[in-house]
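Just so you know, these numbers use all the heavy atoms, side chains as well, and skip hydrogens, waters and symmetry mates.
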Amino acid sequence: MTNKSIHARSWRSGLSSSLIGLLFLSTAAVPGIAADYSNRSDRLQGAYVGVLGNYTYANAEFMWNGTRIIDRDSHNWGVGGVAGYGWRWGSAYFGPEAYVEYTDISTSFTGNIADVTNLSLERKIGAGVNLLAGFTGFDDAVLFYGLLGGGATNFSGDISVDGLGSLSGDIWYPVLSLGAGMDGSVSNSVAVRFQVKHTFYFDVSDHIFPADTRQSYDLDTTAVSVGLVWRPW
């Protein structure tokens, strides 16, 4: 078994244990929350804003002229913000949500493969819109939701190639997101949010660097976020 496989398995095992623990603690706290704030049944409805901290994991793969230059894991902490509006019909919930996020997912290469001697790639800023749908529970103190979203993410990088010299690229590219989460009320207007989201990056080909070559940058990411959502209106 390779070190990469052991590292990936260890990372997933640790993340799974952490998620289970967080969900258990959140669920255990729900009855008390429901009892304390049962006087407001609309606290999970209406306009809201929020701030989230996130941990993002990605596997980055870059191909140049059909040769794989980079294939490695990358991960980092980040921060994001959300703003949306939710409607409720009984226990059912639905609403759109705009998001912006910053996480520095960077990777680099120095050597000589397929005439490439240096390469650096970054993914930092993303933005878009998610559609949230779910249901409330525990006397309407907790919202459980799934999300489907679309948006764009900024890719930038530099590459040095024998015969071409140094090239730079900076593009925005479309993404698709799937995820799930929960908002647990801690007051009439504030909820704690826990969310897991996977983002699919469409094949970023022939666009990063201005050169007449086959290029492909694959970078699907998984982000675990925790933060606060405020519904003052």
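In this structure, Ser74 has no side-chain hydrogen bond (donor to acceptor under 3.5 Å, both in side chains) partners at least two apart in sequence or on a different chain. Among residues two or more places apart in sequence or in another chain, the side-chain hydrogen bond (donor to acceptor under 3.5 Å, both in side chains) test is passed with Asn76 by none. The side-chain contact (heavy atoms from CB on, under 4.5 Å) check on Ala223 picks up Thr56, with sequence neighbours excluded. Applying the side-chain hydrogen bond (donor to acceptor under 3.5 Å, both in side chains) criterion to Thr199, with sequence neighbours excluded, gives Ser177. For Thr103, the side-chain hydrogen bond (donor to acceptor under 3.5 Å, both in side chains) partners are Asn54, not counting sequence neighbours. Among residues two or more places apart in sequence or in another chain, the side-chain contact (heavy atoms from CB on, under 4.5 Å) test is passed with Val129 by none.
When all heavy atoms of Pro232 and Ala47 are compared, the closest pair comes out as CD-O, 4.4 Å. Across all non-hydrogen atoms, the minimal contact from Leu52 to Leu228 is CD2-N, 4.4 Å.
Relative orientation of the Tyr85 and Trp87 rings is tilted, given thresholds of 30° and 60° on the angle between their planes. Ring orientation note: the planes of Tyr217 and Phe62 are nearly perpendicular, at an angle over 60° on the 30°/60° scale.
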Listing, residues 117-125 side-chain donor-acceptor contacts under 3.5 Å, not counting sequence neighbours, or none:
unit_1, atom_1, unit_2, atom_2, d
Thr117, OG1, Ser160, O, 3.3
Asn118, OD1, Thr110, OG1, 3.2
Arg123, NH1, Tyr201, OH, 2.7

Scan the side chains in residues 89-102 for donor-acceptor partners under 3.5 Å anywhere in the protein, sequence neighbours excluded, and list what turns up.
unit_1, atom_1, unit_2, atom_2, d
Glu97, OE1, Tyr48, OH, 2.6
Glu97, OE1, Arg193, NH1, 2.9
Glu97, OE1, Arg193, NH2, 3.4
Glu97, OE2, Arg193, NH1, 3.4
Glu101, OE1, Lys197, NZ, 3.4

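Residue pairs that meet the ring-ring contact (aromatic ring centres under 6.0 Å, His included) test with at least one member in residues 113-136, sequence neighbours left out, are Phe135-Phe144. Screening residues 154-172 for salt bridge (Lys or Arg N to Asp or Glu O under 4.0 Å), with sequence neighbours left out, gives no hits.
With hydrophobic clusters built from ILVMFWY side chains whose heavy atoms lie under 4.5 angstrom apart, Phe109 shares a cluster with Trp64. Side-chain heavy atoms closer than 4.5 Å link hydrophobic residues (I, L, V, M, F, W, Y) into clusters, and following such links, even through other members, never connects Tyr55 to Val79.
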Val142/Thr136 under side chain to side chain contact (heavy atoms under 4.5 Å, CB included): CA gap, chis, key distance, verdict
CA-CA 5 Å; Val142 180; Thr136 61; over 6 Å; no
Worked verdict on Asn65 versus Thr67 for side-chain hydrogen bond (donor to acceptor under 3.5 Å, both in side chains):
CA-CA 6 Å; Asn65 259 341; Thr67 300; over 6 Å; no
Go through the steps for Ile105 and Leu219 under the test side chain to side chain contact (heavy atoms under 4.5 Å, CB included), then give the verdict.
CA-CA 9 Å; Ile105 299 295; Leu219 187 74; 4.2 Å; yes
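With respect to the salt-bridge test (charged N to carboxylate O, under 4.0 angstrom), the residues Asp183 and Arg231 qualify.
Not a single donor-acceptor pair under 3.5 Å links the side chain of Thr153 to the backbone N or O of Gly126. Between the side chain of Gln45 and the backbone N or O of Gly86 there is no donor-acceptor pair closer than 3.5 Å.
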